[in-house]
Amino acid sequence: AWWHHKLNAADILTIAPQHEELLEACTNLTEEDQADLEHMRKAFLVATSIVYGVSTLGALVFAVLQRRKYVEIGEQTSTMEDFAIFCEGFPVESWGSSLEKQPGQMSLEEEYTNFFRSAGWGDSILGVSIAWNIDDKEDMVEDLLTVASARMEVKRGHADTRMAALCGLSGEDAPIRSRGNVIAHHVSRAPHRFCHLDVEGILLGESPLGAQGTDRLERDHTAEELKELLELQTTGCVFAVFKHRSDLDRALKTPLLKFRGEHEISFQHLECDAATVLWTGFSTTIWERVGHVVKGILGMGVIMLVWATCFYGPYAYYVMSWTRVAGASQGMHDWGGFMQNILLGLVITIGNQAVYASCSNTAEKCQFTNRDSRDTLNVVLYTFAVTLNTIFDLALVSLMAHGWQQDSGLDEEALIRNPSMQHALFVQLIGYIYPGTILIPFVIEPLVTVTIPFYLYMWIIRSRKEVDRVHAEQLMVCPPFDLNRYGDIIINMALCSLIFFLTSVNIWWLFIQLSSASLIIYVWDHYKYIRESQRTMFASQSMDVCGQYLMVMPCSILAGAFAFKFQGGQAMVKGWDRHEFFAVRVEWIIVIGAIIVHAILHLLILRFVVPKLAQESDVETDPYEEVAKNICCNWFNSNPVQCLRSAHHFVNDPPHVYDVPGKGHLHMANHEIHAYYEAPEFEEEHSLFQEALSEVRETLEYVKQEAKLALTSLKQSIKSIGSARSPVSSKKLAAEQKEPEDADLTP
């Protein structure tokens with residue numbers, strides 16, 4: 001009735017209260033009413049305790065199940081992680097040092113391999129992959145790898161005549177391919193691969209290829225240019241690759257002699273795969289990485305300050321301009337409130353995207369040695385920054401709730417709309433959470449992150465003739481799938497958990513909206529992972545473990561809500577002055593203490609108890625050769641300098657081809673250099689419509705077969721029933737069944 005503006009102060013005594021203090025705010029209660037309210041408070045206390053217990057227990061059980069699942073998958077599958085040990089302590093040497101040696105002497109790779117074999121690990125060593133310092137020559141290395149990849153495409157017959165001419169081959173050597181095969185959907189290993197393309201310069205009319213303005217393939221990589229490779233130096237870090245997993249386990253227990261009699265070598269088994277190693281990070285020391293993290297956090301703070309000043313500031317100023325004005329609650333349940341929530345959602349979306357870009361850039365500059373560590377830092381920074389933004393938003397919500405409390409000075413219906421400070425906070429918090437926070441940002445995300453970039457880059461390719469095939473591929477490449485969704489979902493759950501501090505019978509509605517929003521997020525992420533992301537591998541469970549630790553946040557909030565209810569809840573705060581609702585009190589100290597105690601206990605259980613419930617066991621895997629036949633990315637072709645040395649130093653034929661997602665068809669087997677993967681014939685990927693049509697056809701075919709089986713079974717049942725009723729037909733059926741046997745005996 002209130003939604004239709006037909007409720008007045010007298011009607012409040014004839015309907016069930018929407019809030020437990022609503023009735024008490026309008027009239028004096030009888031003893032029976034007091035008993036009913038006390039029963040309601042106890043019911044909310046029990047409900048809060050159940051939600052708190054089930055959520056905490058569920059989070060811990062889920063953590064155990066996830067870790068057991070990780071162990072189970074690891075035991076069932078063989079990856080490159082099972083065959084490599086990370087070693088460090090080798091002296092820094094240059095590429096040119098191996099060329100300056102006397103003829104017949106060993107290269108660096110051969111020297112390191114022989115050292116491992118003679119120092120205690122024996123013939124179980126297959127080879128080594130050396131980490132090189134390419135900080136100053138990363139662009140040059142990338143250009144050389146691009147040319148090598150293009151030449152291999154020509155050799156494999158996946159390029160057009162123009163590509164062949166640029167690579168120095170005749171047009172007859174390169175069959176013309178259809179336009180659909182020109183642009184591969186997945187090309188780059190990391191999003192920074194196409195940072196050479198100055199999009200802002202393109203919009204201003206400049207060349208999309210930067211200052212050079214020429215196609216990288218057209219540059220003549222002569223011997224003079226290749227001499228720059230001789231200046232590359234090692235980082236002192238090496239991956240030793242073994243033939244079997246059992247050889248690796250034995251090597252971890254075997255100490256090594258000093259390299260060249262003076263260099264102490266330390267080694268360990270890293271939880272990373274060849275596809276997740278970031279080879280540019282081995283030249284960065286731990287203190288340099290810490291410095292990058294500090295600088296990134298400061299830069300992220302500046303970006304948040306600019307966002308708060310330019311975007312969030314005007315919105316907050318507008319809201320605060322009328323929060324202290326009596327009558328603020330009037331009209332906020334119609335289009336006015338809806339539009340305010342929409343605007344808030346847009347502001348949150350802009351802020352989240354700015355924070356996401358800042359966190360991603362910070363994690364990238366830290367130069368970690370594996371992608372899992374980089375992504376973990378990215379998620380932690382993102383969750384922290386968005387949590388800080390959320391705290392600012394909640395402060396604004398509390399200010400708006402104070403303004404709504406002023407309405408009681410103007411009209412009697414305000415007493416019904418906002419009977420207490422808690423109810424005013426509840427209304428404002430609901431408006432903040434839905435749809436502005438848990439729905440709108442994720443509905444807008446596909447437009448901002450997929451649709452607009454796709455059409456922008458497509459326009460660049462079509463409008464600029466100097467954009468060649470390589471740059472077109474780099475523009476149209478999908479980014480790797482990121483796991484920042486951990487932070488989004490955790491924050492959504494934490495916000496909804498705050499509602500348990502504000503007792504209302506409408507809590508169920510909020511959690512239905514949370515469930516529906518989570519379903520939308522799941523559907524979008526599922527589509528994004530399949531259609532809008534390149535091949536992405538997560539070699540460790542570090543991201544999942546990070547998410548399990550982040551689950552401490554909503555569970556701790558529920559612990560604080562339970563402590564708040566246990567102390568009396570609304571019965572405790574009804575005597576508080578609304579202007580001192582958030583003042584320092586013993587009750588709030590107890591609530592904060594409950595949050596801290598739960599967080600500590602939860603963290604200790606995750607740290608010491610959960611890992612013991614999901615321990616790994618030693619399982620023998622397939623040999624390296626068998627595994628490498630099925631996995632295109634290995635410890636040799638994932639190393640960019642290793643691929644260049646294979647082509648220009650060792651002159652292997654075929655050489656190692658640098659592995660990038662979508663280019664697996666370029667790999668060719670060469671057992672002499674431990675390249676065992678041979679790409680199968682290229683199969684064009686079907687469109688989403690074609691896949692859906694294929695699924696429909698398979699489903700119809702399955703239904704058709706099941707219908708035939710059911711019809712055959714029905715006919716047999718009818719025959720058996722008829723034969724049971726008629727002895728004559730039974731004899732006839734027996735004779736018919738006997739005839740084929742007699743026929744077989746006939747010569």
Side-chain angles (χ1 to χ4, degrees), residues 86 88 131-143 145 188-201 210-211 232-233 235-237 270 272 275-307 351-389 449 453 474 477-487 533-534 536-540 542-543 546 638-641 660:
F86 174 72
E88 57 183 340
W132 296 79
N133 185 355
I134 58 175
D135 290 341
D136 299 333
K137 296 179 173 57
E138 188 172 357
D139 293 343
M140 182 201 66
V141 171
E142 183 180 346
D143 291 346
L145 291 173
S188 178
R189 176 176 298 278
H192 70 272
R193 275 305 184 86
F194 50 83
C195 61
H196 297 285
L197 300 171
D198 187 5
V199 178
E200 296 179 359
L232 294 179
Q233 292 184 331
T235 60
C237 301
L270 297 181
C272 64
T276 63
V277 172
L278 302 176
W279 295 94
T280 57
F282 292 100
S283 59
T284 304
T285 63
I286 183 64
W287 293 111
E288 291 176 342
R289 191 169 292 120
V290 171
H292 290 314
V293 173
V294 174
K295 291 179 182 179
I297 293 176
L298 294 177
M300 187 172 58
V302 173
I303 292 178
M304 292 177 62
L305 181 62
V306 173
W307 168 78
N352 287 352
Q353 291 301 320
V355 168
Y356 168 76
S358 175
C359 295
S360 179
N361 185 56
T362 300
E364 190 75 29
K365 287 184 176 180
C366 290
Q367 294 188 339
F368 284 95
T369 56
N370 64 84
R371 187 180 296 112
D372 293 317
S373 299
R374 184 193 66 187
D375 293 345
T376 301
L377 176 65
N378 188 11
V379 171
V380 171
L381 290 178
Y382 176 78
T383 305
F384 172 76
V386 175
T387 302
L388 191 60
N389 286 345
T449 60
Q474 292 178 347
V477 65
C478 291
F481 188 81
D482 64 81
L483 296 179
N484 285 329
R485 195 67 74 211
Y486 276 102
S533 300
Q534 63 176 252
T536 307
M537 181 175 184
F538 304 99
S540 69
S542 59
M543 284 300 308
C546 177
S638 65
N639 187 339
V641 180
V660 292

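Note that the structure is a prediction, hence the values are computed from the model and not measured. All values below were derived from every heavy atom in this structure, side-chain atoms included, with hydrogens, water molecules and symmetry-related copies excluded.
What you find for Val277 and Cys272 is that their closest heavy atoms are CG2-SG, 4.0 Å. Between Arg289 and Gly281, the closest heavy-atom pair is NH2-O, 3.2 Å. Pairing each heavy atom of Ala275 with each of Met537, the nearest pair is CB-SD, 3.9 Å. For the pair Pro640 and Val141, the tightest heavy-atom approach, listed with the atom from each and the gap, is CB-CG1, 4.1 Å. The shortest non-hydrogen separation linking Ala363 to Leu377 is CA-CD2, 4.2 Å. Between Thr280 and Glu138, the shortest heavy-atom contact is CG2-OE2, 4.1 Å.
Here the OG atom belonging to Ser358 is positioned 9.5 Å from the CG atom belonging to Asn378, to the nearest 0.5 angstrom. In this structure, CG on Asn361 lies 11.0 Å from CE on Met300, to the nearest 0.5 angstrom. A distance of 13.0 Å separates CD in Glu364 from SG in Cys359, rounded to the nearest 0.5 Å.
Proximity of Asp482 to Asp375: side-chain heavy atoms (C-beta onward) are nowhere separated by under 4.5 Å. A 4.5 Å side-chain heavy-atom check between Arg374 and Cys366 finds every atom pair outside the cut-off. Using a 4.5 Å heavy-atom cutoff, the side chains of Thr362 and Leu381 are in contact. Side chains of Leu483 and Phe538 form a contact here, defined as non-hydrogen atoms less than 4.5 Å apart. Using a 4.5 Å cut-off on side-chain heavy atoms (C-beta onward), Ser360 and Tyr382 make no contact.
With hydrogens and angles ignored, the 3.5 Å screen pairs a side-chain donor or acceptor of Thr536 with a backbone N or O of Gln534.
If you check the side chains of Ser542 and Asp372, you find no donor sitting under 3.5 Å from an acceptor.
Take Thr284 and apply the side-chain hydrogen bond (donor to acceptor under 3.5 Å, both in side chains) test, not counting sequence neighbours, and it matches Gln367. Phe368 pairs by the ring pair (Phe, Tyr, Trp, His ring centres under 6.0 Å) definition with nothing, not counting sequence neighbours.
Each of Val380, Val386, Thr387 was checked for a side chain to side chain contact (heavy atoms under 4.5 Å, CB included) with Thr383, and the lone residue meeting it is Thr387. Here the options are Ile134, Asn133, Thr369, the test is side chain to side chain contact (heavy atoms under 4.5 Å, CB included), and the partner is Phe282; only Thr369 passes.
For Asp135, the CG atom sits in a packed shell: over 12 heavy atoms of surrounding residues, nucleotides or ligands are nearer than 6.0 Å. Within a 6.0 Å radius of CZ in Phe384, other residues, nucleotides and ligands contribute 12 heavy atoms or fewer.
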One pair to check against side chain to side chain contact (heavy atoms under 4.5 Å, CB included): Val641 and Lys137. What are the steps and the verdict? CA-CA 11 Å; Val641 180; Lys137 296 179 173 57; over 6 Å; no
